[in-house]
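Just the heavy atoms: all of them, side chains too, but no hydrogens, waters or symmetry mates, feed the values below.
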Amino acid sequence: MSEALTCSGDLSALLGPNATAAADYICGQLGTINNKFTDATYAIDNTYLLFSAYLVFAMQLGFAMLCAGSVRAKNTMNIMLTNVLDAAAGGLFYYLFGYAFAYGGSSEGFIGRHNFALRDFPTLTTDYSFFLYQWAFAIAAAGITSGSIAERTQFVAYLIYSSFLTGFVYPVVSHWFWSPDGWASPFRPVDDRLFSTGAIDFAGSGVVHMVGGIAGLWGALIEGPRRGRFEKGGRPIALRGHSASLVVLGTFLLWFGWYGFNPGSFTKILVPYTSGSNYGQWSGIGRTAVTTTLAGSTAALTTLFGKRLLSGHWNVTDVCNGLLGGFAAITAGCSVVEPWAAIVCGFVAALVLFGCNKLAEMVQFDDPLEAAQLHGGCGAWGLIFVGLFAKEKYLNEVYGAVPGRPYGLFMGGGGKLLGAQLVQILVVAGWVSATMGTLFFILKKLNLLRISEKDEMAGMDMTRHGGFAYMYYENEEESQRASQLQRVDPGSPFPRV
């Protein structure tokens with residue numbers, strides 16, 4: 001029967017004469033059912049994306065706890081406030097400018113130019129849940145940078161850099177690699193992709209982690225190390241954070257949030273790969289959660305035993321950083337590699353973090369959270385990892401079937417994908433260095449970057465934020481004096497130190 005016939009025409013022919021009314025009724029009911037299925041699909045996909053956005057946003061709490069535990073007690077309020085600022089300022093500037101630069105559509109592939117302040121939004125292809133999800137990613141990049149420059153940076157500098165990063169620097173990078181018309185995007189027309197493939201950075205080892213890490217690298221380099229971090233001869237002195245408990249709590253919160261960060265980057269769940277089977281995008285989402293878990297776990301164990309051999313201690317904070325390094329590395333390829341490959345990714349990520357930390361000490365680079373080394377170094381390794389281990393089948397499922405698609409070098413797919421990944425590393429490093437490096441340099445020249453030596457030694461909580469995060473006393477005499485004052489004046493904070 002001709003495909004041009006309508007549903008009603010088909011049924012009329014089958015039902016015989018005078019059956020047009022019955023056919024119209026049946027087709028109308030079928031159309032209603034079909035519309036309900038379509039509506040249900042949109043609802044399920046948007047609910048999945050919203051839930052993933054909530055998970056990624058919860059990572060801000062993880063960043064806050066991790067940062068608080070990694071700094072000295074006298075700077076706790078300061079670092080907590082900067083994490084709140086990242087979310088608040090990032091929300092406003094990503095709404096006004098960032099989303100438009102990232103996904104607003106462009107003709108040249110460099111920067112978007114539509115949907116400023118969500119004008120003409122939602123569109124036929126994106127809804128508010130997508131904006132919320134992308135905002136959560138943007139503020140994650142800013143949160144990475146805040147850790148690198150902790151304990152010595154003026155508050156106004158945080159406000160300026162966070163707004164600039166979330167409103168301009170990060171959105172441009174995400175446009176290049178995630179927008180359908182970005183110049184290096186794997187979603188471009190097949191004949192117009194970088195090296196016939198585009199760069200594969202599924203959830204942001206480069207777009208998020210390298211951007212935040214390299215921005216932090218330049219901030220810490222231009223500011224210089226914290227006072228007392230290195231002796232005159234260059235020997236490093238550990239300025240340990242005040243709470244391993246907060247570090248562990250923050251790490252587990254970040255781990256939990258990563259299940260929205262990586263599996264959530266599919267943005268849809270109700271997509272079958274094969275009609276009528278139990279294999280679809282939901283299977284890819286499950287596999288992505290597994291690869292994420294294995295990479296982080298392997299990196300944590302590698303760090304545990306590596307640090308034991310190097311220092312003779314079982315160090316929980318180092319293990320937490322190793323775990324996060326594994327997560328940062330697998331983020332690019334979590335959806336396109338086998339679980340066994342994720343173990344390789346995590347193992348090498350731990351070694352990369354070891355090497356970056358050793359190099360940082362050699363050049364007297366001070367990053368209180370190892371954020372530049374962890375997110376920048378491990379993020380770069382994650383992009384290379386994709387070029388080596390990406391599987392052709394998974395690439396075709398996630399990015400669309402393309403005959404002859406380049407895939408991982410070690411999987412038999414040639415070197416084109418690896419070439420695209422190396423290009424991404426170079427351009428991300430260059431772009432962030434040119435923008436954020438310049439910004440931090442200007443802030444330094446304007447005396448807006450670093451606090452005074454006096455304030456740094458006293459701690460920013462007291463000098464900049466009106467009091468300490470905790471009430472504690474150096475000795476018993478101060479404790480007794482405080483108790484006496486509290487009996488006279490219950491509101492007295494004396495003598496918090």
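For the pair Trp381 (side chain) and Cys345 (backbone), a donor-acceptor distance under 3.5 Å is present. Side-chain atoms of Arg450 do not come within 3.5 Å of backbone N or O of Thr153 as any donor-acceptor pair. Remark: the backbone N or O of Gly400 is paired with a side-chain donor or acceptor of Arg405 at under 3.5 angstrom. Looking only at distances, a side-chain donor or acceptor of Lys444 sits under 3.5 Å from a matching main-chain atom of Ile222. With Glu223 contributing its side chain and Ala150 its backbone, the two residues share no donor-acceptor pair below 3.5 Å. When atom types are taken as modelled, the side chain of Glu151 and the backbone of Arg72 share a donor-acceptor pair closer than 3.5 angstrom. A donor-acceptor contact shorter than 3.5 Å links the side chain of Tyr95 to the backbone of Ala117. Side-chain atoms of Asp366 never come within 3.5 Å of backbone atoms of Gly224 as a donor-acceptor pair (strictly under, hydrogens ignored). A donor-acceptor contact shorter than 3.5 Å is absent between the side chain of Asn262 and the backbone of Thr292. Distance alone, capped at 3.5 Å, is enough to place a donor-acceptor pair between the Tyr161 side chain and the Ala142 backbone.
Judged by a 6.0 Å distance limit and a 45° cone about the ring axis, Arg287 is positioned over the six-membered ring of Tyr394.
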Considering only distance and modelled atom types, tabulate donor-acceptor pairs under 3.5 Å from the side chains of residues 47-63, sequence neighbours left out.
from  : atom 1 : to     : atom 2 : distance (Å)
Thr47 : OG1    : Ala43  : O      : 2.7
Tyr48 : OH     : Pro263 : O      : 2.8
Ser52 : OG     : Tyr48  : O      : 3.0

Step-by-step ring pair (Phe, Tyr, Trp, His ring centres under 6.0 Å) determination, Trp255 to Phe327: CA-CA 8 Å; Trp255 189 340; Phe327 287 151; 5.5 Å; yes
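Using a 4.5 Å heavy-atom cutoff, the side chains of Phe93 and Ser162 are not in contact. When side chains are defined from C-beta on, Asp45 does not count as touching Thr267, because their heavy atoms never get closer than 4.5 Å. No side-chain heavy atom of Phe389 sits under 4.5 Å from any side-chain heavy atom of Glu338.
Remark: of the listed residues Phe121, Tyr103, Phe101, Phe101 is the sole one forming a ring pair (Phe, Tyr, Trp, His ring centres under 6.0 Å) with Phe116. Evaluated for a ring pair (Phe, Tyr, Trp, His ring centres under 6.0 Å) with Trp431, the options Trp218, Trp176, Phe177 yield exactly one hit, Trp176.
For the atom pair Tyr170 OH and Thr145 OG1, the distance stands at 12.5 Å (nearest 0.5 Å). Asp367 contributes atom CG, which lies 6.5 Å from atom CG of Leu369 (distance to the nearest 0.5 angstrom). Atom CD1 of residue Ile200 and atom CG of residue Leu417 lie 6.0 Å apart, to the nearest 0.5 angstrom.
Closest approach of Val402 and Asn396 over heavy atoms only: N-OD1, 3.1 Å. Nearest heavy-atom pair, Asn357 versus Gln373, reported as atom, atom and distance to 0.1 Å: OD1-NE2, 3.0 Å.
Counting only residues at least two apart or in different chains, ring-ring contact (aromatic ring centres under 6.0 Å, His included) contacts with residues 187-209 comprise Phe187-Tyr399, Phe202-Phe266, His209-Trp258, His209-Phe261, His209-His375.
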